[in-house]
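Take a look at the structure set out below.
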Amino acid sequence: LWCLLVCSISGLERGVGRLVWVSGARRVMTAKTPERRSFWHAVSRFVANPDRRLEEDHDTTAVRQSRKRTNHRTPTMGFVTPLLFLLGWCIPSAALRVGAPSAALGSRRAGVVMSAAPHADVVDVAVIGAGLPGRGMGWFHAQQVFSGACPSARLTDVVEPWFLGGGRDSDAGRTFAENVVEPWSAEKAVSFAADVADAFRGSRASSTQEQQEKRLALVAGRTVDNPALFRGAIDAGATHVILEKPGAPSVAELESMAAFAEERGVPVVMGFIKNISPYLGKALAVAEKAEDAVVTLSSFNSYTDETLAECFKRNAEGMLKNMAIHELALAVDFFGVTVDTLAEVRVNAGDVRTLDELTDVVRVDMTLIANDDRKVTIVADRCGPKDGCAASVAVRGVEVASFPMVDDARAQRVAERQAAHPDWIGYLLTQEDEYRVLKETCCAAALKDEFPAGVATIRTAIEALKLAEHLTPIVTEALLKKQDGDDASSAMTTQVHEQAAAKPTTTTTTDGPAANTSVLAR
């Protein structure tokens, strides 16, 4: 609006200048004394445009002489335009500073919802299930949108059922209020709520009835809570959803959620960030050119023996449904491995532990072979030397290429971020770029009424979760037998048939140095 005003005034300025110039020229022609001729000639020179010429009926000798003397470019009234642009920078900035909400007004505790002005070129984002700063996946998603890392999105709402609900008065609840609620509501008027029904309260406060805004719910609560949060977010007005993995505790619940979203016409993208990460594409390109190539997908967390029990509790659905679900989704989308196509499972190495009465896989190295002989090896380790992911390619047991998610060009930046935030969970920073790209890709596509390209759908998540449910008892049983020194694969295969009942799957274990043991060491 300011630019339009300046342009309008600039046009008026030029018009007035030309009238004054013509008037001055006429005065030069009709002036009776040399003094008056000189005065009006000076006026006409001040506002003159030397490229313009008088009409033929005004073209007198005096004017022709005037043109000869003013043939160089002379100053015009255009000095007004830059002055107006300078004011255009200062006045709106000062108004924004004066109009910024105070901490008291923006705080959820004050009971007042302040919200930024609506933008037609961004998607309003509500993060459902934030968790603690530095640890919660939802918090990290919200922090990226809040900081402006995703140009097509703006954070309007955060729903945190525990730290704003039953756990509000706990130490963690107070930490959440001090480090998230108070600064975010004060700085950018983000609305906070404990109930998912209020998921888009802040978004609606900044909208008019005429606006048809895009509203994206990023559901990142505990796996057991996600089905209810997912439905609540759509009921609250979400037009698009990003659902963090695995999406639900069971296949049946995830299928029900997919049907619910389809009935409401809400597209759902899964938070499988590795589908869009460059390292995978590089490995696949190498594998396509080599005969008998096997791709190994590796994923490492940096939990220690001291923090592993907390990991088991926080991710009670189990490693294959949580940490390794990313790799299982890749197996589904890029290698055609599903429960229906799975022909053989080779458990190469691994570890199972029981901590605080919870038994789970800590480390696994397994090869999945489909009925068309396509195969992929998956390596996952909760207690790796450091957080990271990689895709390597081996031909006849010899590794020919390896591509880490954090390559050399990115490693320095990640190291600096980790040094600046040593208390953050490592994978938040090693996978920071992928988290950002996923949200930006989804929001940019939503603005165009398109489904984002290259992302994992909820149908992929259903097949991956089926695979995780199918593999969990197989892998656990195989690793327990290895730890007990019992490698009776025939007996184990019989048990697998009884558990999987739907189709026969061959399961084998390997002793000694397997082809993928080097991957675990690396």
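This is a predicted model, so every value here is computed, not measured. We number each residue from 1, following the sequence as shown.
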**Partners meeting salt bridge (charged side-chain N to carboxylate O under 4.0 Å, His left out) with Glu160 (sequence neighbours left out)** = none
**Asked** Is there a donor-acceptor contact under 3.5 Å from the side chain of Glu244 to the main chain of Gly138?
**Response** no
**Asked** Listed by chain and number, what are the side-chain contact (heavy atoms from CB on, under 4.5 Å) partners of Ala228, not counting sequence neighbours?
**Response** none
**Message:** Could you check whether any side-chain N or O of Asn371 sits under 3.5 Å from a backbone N or O of Ala343, counting only pairs where one atom can act as donor and the other as acceptor?
**Reply:** no
**Prompt:** Do NZ/NE/NH1/NH2 and the carboxylate oxygens of Glu440 and Arg436 come within less than 4.0 Å?
**Reply:** no
**Fill in**
From the list Asp157, Val159, Asp198, Val158, side-chain contact (heavy atoms from CB on, under 4.5 Å) with Ser191 holds only for Asp157
**Prompt:** Charged N to carboxylate O under 4.0 angstrom, Lys274 versus Glu434?
**Reply:** no
**Set of residues satisfying side-chain contact (heavy atoms from CB on, under 4.5 Å) with respect to Thr304, sequence neighbours excluded** = Glu306, Thr307
**Item:** Selection residues 219-238 - residue pairs positive for salt bridge (Lys or Arg N to Asp or Glu O under 4.0 Å), sequence neighbours left out
**Value:** Arg222-Asp225, Asp235-Arg264
**Prompt:** Is a side-chain donor or acceptor of Asn301 paired with a backbone partner of Tyr303 at a separation under 3.5 angstrom?
**Reply:** no
**Prompt:** Could you give the distance from OG1 (Thr239) to CG (Asp124), rounded to the nearest 0.5 Å?
**Reply:** 9.0 Å
**Request:** Would you give the length of the straight line joining atom OG of Ser152 to atom CG of Leu216, rounded to the nearest 0.5 angstrom?
**Result:** 11.5 Å
**Item:** Leu328 side chain reached by Leu368 side chain, heavy atoms, under 4.5 Å
**Value:** yes
**Atom pair CD1/CG of Ile242 and Leu438 - distance to nearest 0.5 Å** = 5.0 Å
**Message:** According to salt bridge (charged side-chain N to carboxylate O under 4.0 Å, His left out), who are the partners of Asp171, at least two apart in sequence or on a separate chain?
**Reply:** Arg174
**Message:** Looking at every non-hydrogen atom in both residues, tell me the closest pair between Thr223 and Pro227 and how far apart they are.
**Reply:** O-CD, 3.5 Å
**Message:** Would Arg204 and Arg215 count as a side-chain contact (heavy atoms from CB on, under 4.5 Å) here? Give the steps.
**Reply:** CA-CA 10 Å; Arg204 290 193 182 89; Arg215 294 189 171 104; 3.7 Å; yes
**Message:** Run the side-chain contact (heavy atoms from CB on, under 4.5 Å) test on Leu218 and Lys439 for me, step by step, so that the C-alpha distance in whole Å, both residues' side-chain angles and the decisive distance to 0.1 Å come before the verdict.
**Reply:** CA-CA 9 Å; Leu218 201 159; Lys439 291 189 289 292; 3.6 Å; yes
**Prompt:** Taking all non-hydrogen atoms of both residues, which atom of Phe335 and which atom of Lys375 are closest, and how far apart?
**Reply:** CD2-O, 4.0 Å
**Spatial distance of atom CG (Leu254) from atom CD (Glu463) [nearest 0.5 Å]** = 10.5 Å
**Item:** Residues forming a side chain to side chain donor-acceptor pair (under 3.5 Å) with Glu288, sequence neighbours excluded
**Value:** none
**Request:** Could you tell me whether Glu262 atom CD has more than 12 heavy atoms of other residues or ligands within 6.0 Å of it?
**Result:** no
**Nearest heavy atoms of Leu164 and Ala194, plus distance in Å** = O-CB, 3.4 Å
**Request:** Scan side-chain atoms only and decide if Asp372 and Thr341 contain a donor-acceptor pair under the 3.5 Å cut-off.
**Result:** no
**Request:** Using ring-ring contact (aromatic ring centres under 6.0 Å, His included) as the criterion, list what pairs up with Phe230, not counting sequence neighbours.
**Result:** none
**Prompt:** Is it true that Asp449 and Lys214 make a salt bridge, defined as a side-chain N closer than 4.0 Å to a carboxylate O?
**Reply:** yes
**Prompt:** Within a strict 4.5 Å, meaning less than it, do heavy atoms of the Met270 and Ile458 side chains meet?
**Reply:** yes
**Item:** Trp184, CH2: over 12 other non-hydrogen atoms inside 6.0 angstrom
**Value:** yes
**Asked** Between the main-chain N or O of Val251 and the side-chain N or O of Glu469, is there a donor-acceptor pair closer than 3.5 Å?
**Response** yes
**Minimal non-hydrogen separation, Asp356 against Ala309, with atom names** = OD2-CB, 3.7 Å
**Complete:** OG1 (Thr338) and NZ (Lys466) are apart, to the nearest 0.5 Å, by 8.0 Å
**Asked** What's the spacing between Glu317 CD and Asn322 CG if we round to 0.5 Å?
**Response** 4.5 Å
**Request:** Could you tell me whether a side-chain N or O of Ser256 sits under 3.5 Å from a main-chain N or O of Ala252, the two making a donor and an acceptor?
**Result:** no
**Prompt:** Tell me the ring pair (Phe, Tyr, Trp, His ring centres under 6.0 Å) pairs involving residues 244-283, sequence neighbours left out?
**Reply:** Phe272-His326
**Prompt:** Are side-chain heavy atoms of Pro278 and Asp407 found at a separation under 4.5 Å?
**Reply:** no
**Item:** Heavy-atom closest pair, residues Gly221 and Asn226
**Value:** N-OD1, 3.0 Å
**Request:** Would you check if Lys313 and Glu310 make a side-chain contact, meaning some heavy-atom pair closer than 4.5 Å?
**Result:** no
**Message:** Do Val127 and Val145 make a side-chain contact, defined as non-hydrogen atoms from C-beta onward lying under 4.5 Å apart?
**Reply:** no
**Non-hydrogen side-chain atoms of Leu428 and Arg135 separated by less than 4.5 Å** = no
**Prompt:** Can you tell if the side chain of Phe192 reaches within under 4.5 Å of the side chain of Glu182, non-hydrogen atoms only?
**Reply:** no
**Fill in**
Residues at least two apart in sequence or cross-chain that pass salt bridge (charged side-chain N to carboxylate O under 4.0 Å, His left out) with Arg353, listed by chain then number, are Asp305, Asp351
**Asked** Can you list the residues that meet the salt bridge (charged side-chain N to carboxylate O under 4.0 Å, His left out) rule with Asp433, with sequence neighbours excluded?
**Response** Arg410, Arg413
**Candidate pair Val345 and His470, rule side-chain contact (heavy atoms from CB on, under 4.5 Å), full reasoning** = CA-CA 11 Å; Val345 180; His470 180 76; 5.6 Å; no
**Message:** My understanding is that only residues two or more places apart in sequence, or in another chain, count here; which of them pass ring-ring contact (aromatic ring centres under 6.0 Å, His included) with Tyr435?
**Reply:** Phe140, His141
**Request:** Output all residues satisfying side chain to side chain donor-acceptor pair (under 3.5 Å) with Glu255, sequence neighbours left out; order by chain, then residue number.
**Result:** none
**Request:** I would like to know whether Val181 and Phe176 meet side-chain contact (heavy atoms from CB on, under 4.5 Å); could you show each step before the answer?
**Result:** CA-CA 7 Å; Val181 177; Phe176 185 80; 3.7 Å; yes
**Message:** Which heavy atom of Ala391 sits nearest to which heavy atom of Leu297, and what is that distance?
**Reply:** CB-CD2, 4.1 Å
**Item:** Heavy-atom side-chain contact between Met366 and Val361 under 4.5 Å
**Value:** no
